[in-house]
Amino acid sequence: MTQKILVTSALPYANGPLHFGHIAGAYLPADCYVRFQRLMKRDVLYICGSDEYGIAITLNADLAKRSPKEHVDIFHEVNRNFFSKLQISFDHYSRTTWEGHQEPVHEFFLELLSNGYIEARTTDQLFSESDQKFLADRYVVGACPRCGFENARGDECPKCGASYDATELKNPRSKLTNAPLTLRPTKHWFLRLDLFKERLKKWLETKKWKPNVVNFIKDYIENLHARAITRDMIWGIPVPLPDADGKVLYVWFDAPIGYISATKEWAAKIGEPDRWKEYWLDSETKLVQFIGKDNIPFHASIFPAMVMGQNQPYKLVDELPANEFYNLEGKQFSKSDGWYIDLEDFFKRYTTDQIRYAIGSNAPETSDSEFTWKDFQLRCNGDLSGKYGNLVNRVLVFLQNQCKGISPERKNLGPEDEEFLAKIKEVAKQAAESYEQFRVRRACQLVMELAQLGNIYFDNKRPWTDAKNEGLRGRMETTLACCLECLKTLALISFPIIPETAEKVWQMLGFMDRLEMRGWERILTEKFPDGQQIMTPKLLFQKVEDSQIAEEVQKLRALGVGR
């Protein structure tokens, strides 16, 4: 039986538009991996969805004068459309406000409670007499307990940088109404994460994850303690207990269960409502969760602990490819600071494959990396146009002119031809290994390595010289046949990264089916057919001009200064 591979990407928070920094962390790497697994004809399911609860959403919805549901509806669509534009190929994209999400969340809570991992405690929290409700730290300001700054936030002082609990603020008041706040006792439920320490440490010893993930989470597990999982508000999954009116579960508790509820929704939509169990309740399933480094604690300790506390045998994560931060021209992407790229404008000027390749080839796999406009230009012009597009165009134009667009037969392979074909196979093998190991950056390098091998081979064989001598025509045709083998393989290994371009090349080579449907092994093992009609080549990539880049840099600087 084929092993099932369940792939998830971190649920994006429906509180604002995504940017390329998010894409580099959890979405493009996952999509490349999934597309490769589909090429390998493996049983892979790719799940994601919007994370739609939490105090940050209610705060921004209040500021925008709309309900939390109206707020998340907007950004669910904005982000789903962005994923579509980037050709992120989810099998299902869900949301945590769908009606089926609450049931598994309640099941998780009640099983943890009955198994002794959740306990109730009474604590003092800040209460607004005028609003008659408890206020979360995002709604609170006051004097910093460390430096005395009068307008400190509910969890951190912007002046001295101190972190603290909101109850430590002096003269606390409502951020929205400026009304004074008092301490009042309230009952909440806590997840005893400290009870999972030893199990988590033993489990972590079985993992061969990236050092940046393992090193971070080892220290984090050592410091695990009981953590509140409920709060006083109305926007969220209600606590399923009779004495918990007006209390909801923290978003960090319900959000990861969204992977399970999303898979349930997918199963229902395909008319097989129990199909989700084949992925989540089968110990042989391989669960791969793609995240950014800010999500490591939740996916490498907290959610696994929640799963360990269940009676049902849910899958624990097998692979956790966590990328570092992807910045913009030396600083973090930030719309509030004006340091971002207008996505609508971007896609009017550039293609999806250009940004997919630019991000993938400089992916923050082991350390932070960044998008710069000059680097984008270099990768578009030097790699995509200069190596990849140039090889496709020169081979196919020459073939149209010399062979009337019909693929020639290989005849009498010489040592140079044999060596070239062997190198093609070796690069394809290394590309497969790179995709399997979540090394998108290395896969991008191999794509360009193969394109450059093809350009060098074409230059060295000089088929234009052979074309002038009828006695050397067989040698010229062999050169072109070998180049077609290279282009076929180039389309294949680049498909996970630049799928639209790879599919165009595949069609220009005269294939009538879709590249993905034929599959990795078949494409590599089947020789390029003789006598196949090759299509007239079309330009794959437009050159990015210096004037465009100067304009983009100026636009970015103006946005930043304008704030």
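Count residues from 1 along the sequence.
- The aromatic rings of Y350 and F376 lie perpendicular to each other, with more than 60° between the two planes, well past the 30° mark.
- Nearest heavy-atom pair across G386 and N455 is O-ND2, 4.4 Å.
- Side-chain atoms of T96 never come within 3.5 Å of backbone atoms of A255 as a donor-acceptor pair (strictly under, hydrogens ignored).
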*Go through F36 and W520 one step at a time and tell me if the ring-ring contact (aromatic ring centres under 6.0 Å, His included) criterion holds.*
CA-CA 8 Å; F36 169 73; W520 190 279; 5.1 Å; yes
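- Taking all atoms of both residues into account, the shortest heavy-atom contact from Y164 to C157 is OH-N, 3.3 Å.
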*Take D91 and R38 through the test salt bridge (charged side-chain N to carboxylate O under 4.0 Å, His left out) and record every step on the way to the result.*
CA-CA 11 Å; D91 288 298; R38 290 181 186 138; 3.3 Å; yes
_Run the side chain to side chain contact (heavy atoms under 4.5 Å, CB included) test on Y220 and I296 for me, step by step, so that the C-alpha distance in whole Å, both residues' side-chain angles and the decisive distance to 0.1 Å come before the verdict._
CA-CA 10 Å; Y220 191 87; I296 292 174; over 6 Å; no
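- The two residues A26 and P29 have their closest heavy-atom pair at C-CD, 4.3 Å.
- Residues K387 and E449 are not paired through a salt bridge, judged by the lack of any N-O separation under 4.0 Å between the basic side chain and the carboxylate.
- Here the CG atom belonging to N60 is positioned 8.0 Å from the CZ atom belonging to F75, to the nearest 0.5 angstrom.
- A donor-acceptor contact shorter than 3.5 Å links the side chain of K210 to the backbone of E365.
- R35 forms a cation-pi arrangement with F495, by the criterion of a distance under 6.0 Å to the ring centre and an angle within 45° of the ring axis.
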*asked:* Run Y314 and M306 through side chain to side chain contact (heavy atoms under 4.5 Å, CB included) and show every step you take.
replied: CA-CA 10 Å; Y314 287 108; M306 290 162 58; over 6 Å; no
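- Taking OG1 from T489 and CD1 from I424, the interatomic distance works out to 5.5 Å, rounded to the nearest 0.5 Å.
- Looking at D62 and K175, no side-chain N of the basic residue comes within less than 4.0 Å of a carboxylate O on the acidic one, giving no salt bridge.
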*Kindly indicate, with the supporting measurements, whether the criterion side chain to side chain contact (heavy atoms under 4.5 Å, CB included) is fulfilled by L509 and K488.*
CA-CA 7 Å; L509 292 174; K488 179 193 73 171; 4.2 Å; yes
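- Although no hydrogens or angles enter the test, the distance criterion places a donor-acceptor pair under 3.5 Å between the side chain of H299 and the main chain of N295.
- At a cut-off of 3.5 Å, with distance as the only test, no side-chain donor of D375 or T372 sits close to an acceptor on the other residue.
- A distance of 6.0 Å or more separates the ring centres of Y340 and F333.
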*Determine, step by step, whether T263 and W280 satisfy the side chain to side chain donor-acceptor pair (under 3.5 Å) criterion, reporting the C-alpha distance in whole Å, the side-chain angles of both residues, the deciding distance to 0.1 Å, and the verdict.*
CA-CA 9 Å; T263 314; W280 279 104; 2.9 Å; yes
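- Taking the ring centroids of F298 and F253, they lie at or beyond the 6.0 Å cut-off.
- Across L515 and I523, no two heavy atoms sit closer than the pair O-CD1, 3.7 Å.
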*Decide yes or no on ring-ring contact (aromatic ring centres under 6.0 Å, His included) for F20 and F346, but give the supporting numbers first.*
CA-CA 11 Å; F20 292 145; F346 180 92; 5.1 Å; yes
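- Taking the six-membered ring wherever Trp is involved, the centroid distance between the rings of H19 and F371 does not fall below 6.0 Å.
- Within the 3.5 Å criterion, the main-chain N or O of Q430 finds no donor-acceptor partner in the side chain of R442.
- Classification of K423 and E426 as a salt-bridged pair fails, no side-chain N sitting under 4.0 Å from a carboxylate O.
- Remark: D294 CG to F325 CZ distance equals 5.0 Å, nearest 0.5 Å.
- Here the side chain of K4 pairs no donor or acceptor atom with the backbone of K286 at under 3.5 angstrom.
- A salt bridge is absent between K202 and E205: the closest approach of a Lys/Arg side-chain nitrogen to an acidic carboxylate oxygen does not fall below 4.0 angstrom.
- The pair E552-R349 meets the salt-bridge criterion, since a charged nitrogen lies less than 4.0 angstrom from a carboxylate oxygen.
- For T352 and Q87, the side-chain atoms include no donor-acceptor pair closer than 3.5 Å.
- We find the CD-CG distance between Q452 and L446 to be 13.5 Å, quoted to the nearest 0.5 Å.
- Distance alone, capped at 3.5 Å, places no donor-acceptor pair between the N323 side chain and the I291 backbone.
- For K331 and W339, the positive end sits near the middle of the six-membered ring, less than 6.0 Å away and at most 45° from its axis.
- Using a cutoff of 4.0 Å between basic side-chain nitrogens and carboxylate oxygens, D342 and K555 are not scored as salt-bridged.
- A side-chain donor-acceptor contact under 3.5 Å links Q354 to the backbone of T351.
- R227 places no side-chain N or O within donor-acceptor distance of the main-chain N or O of L191, the cut-off being under 3.5 Å.
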*Can you check side chain to side chain contact (heavy atoms under 4.5 Å, CB included) on L6 and V288, steps first, answer last?*
CA-CA 6 Å; L6 177 59; V288 185; over 6 Å; no
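- Nearest heavy-atom pair across Y33 and E436 is CE1-O, 4.0 Å.
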*Test log, rule ring-ring contact (aromatic ring centres under 6.0 Å, His included), inputs F290 and Y27*: CA-CA 7 Å; F290 286 84; Y27 307 103; 9.6 Å; no
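- Note on residues 321-330: pairs passing salt bridge (Lys or Arg N to Asp or Glu O under 4.0 Å), not counting sequence neighbours, are K293-E324.
- Looking only at distances, no side-chain donor or acceptor of S84 sits under 3.5 Å from a matching main-chain atom of R80.
- Checking S494 against Y388 by side-chain atom types alone, a donor-acceptor pair falls below 3.5 Å.
- Here CD1 of I229 is found 13.0 Å from CD1 of I237. Values are rounded to the nearest 0.5 Å.
- Separating the CD atom in Q507 from the CD atom in E503 is a distance of 5.0 Å, to the nearest 0.5 Å.
- Residues that satisfy the side-chain contact (heavy atoms from CB on, under 4.5 Å) test with Q377, not counting sequence neighbours, are K374, N381, V544, D546, I549.
- When all heavy atoms of A451 and L490 are compared, the pair lying nearest together is N-CD1, 4.0 Å.
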Donor-acceptor list for residues 45-57 side chains, cut-off 3.5 Å, not counting sequence neighbours:
from: Y46; atom 1: OH; to: S9; atom 2: OG; distance (Å): 2.8
from: S50; atom 1: OG; to: H76; atom 2: ND1; distance (Å): 2.7
from: S50; atom 1: OG; to: Y93; atom 2: OH; distance (Å): 3.0
from: E52; atom 1: OE1; to: R95; atom 2: NE; distance (Å): 3.0
from: E52; atom 1: OE1; to: T97; atom 2: N; distance (Å): 3.2
from: E52; atom 1: OE1; to: T97; atom 2: OG1; distance (Å): 2.4
from: E52; atom 1: OE2; to: R95; atom 2: NE; distance (Å): 3.0
from: E52; atom 1: OE2; to: R95; atom 2: NH2; distance (Å): 3.0

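- A donor-acceptor contact shorter than 3.5 Å links the side chain of Y139 to the backbone of L59.
- Using the six-membered ring where Trp is involved, Y279 and W266 have ring planes that are perpendicular, over 60° apart on the 30 and 60° scheme.
- Using modelled atom types and a 3.5 Å distance limit, the side chains of S89 and D31 yield a donor-acceptor pair.
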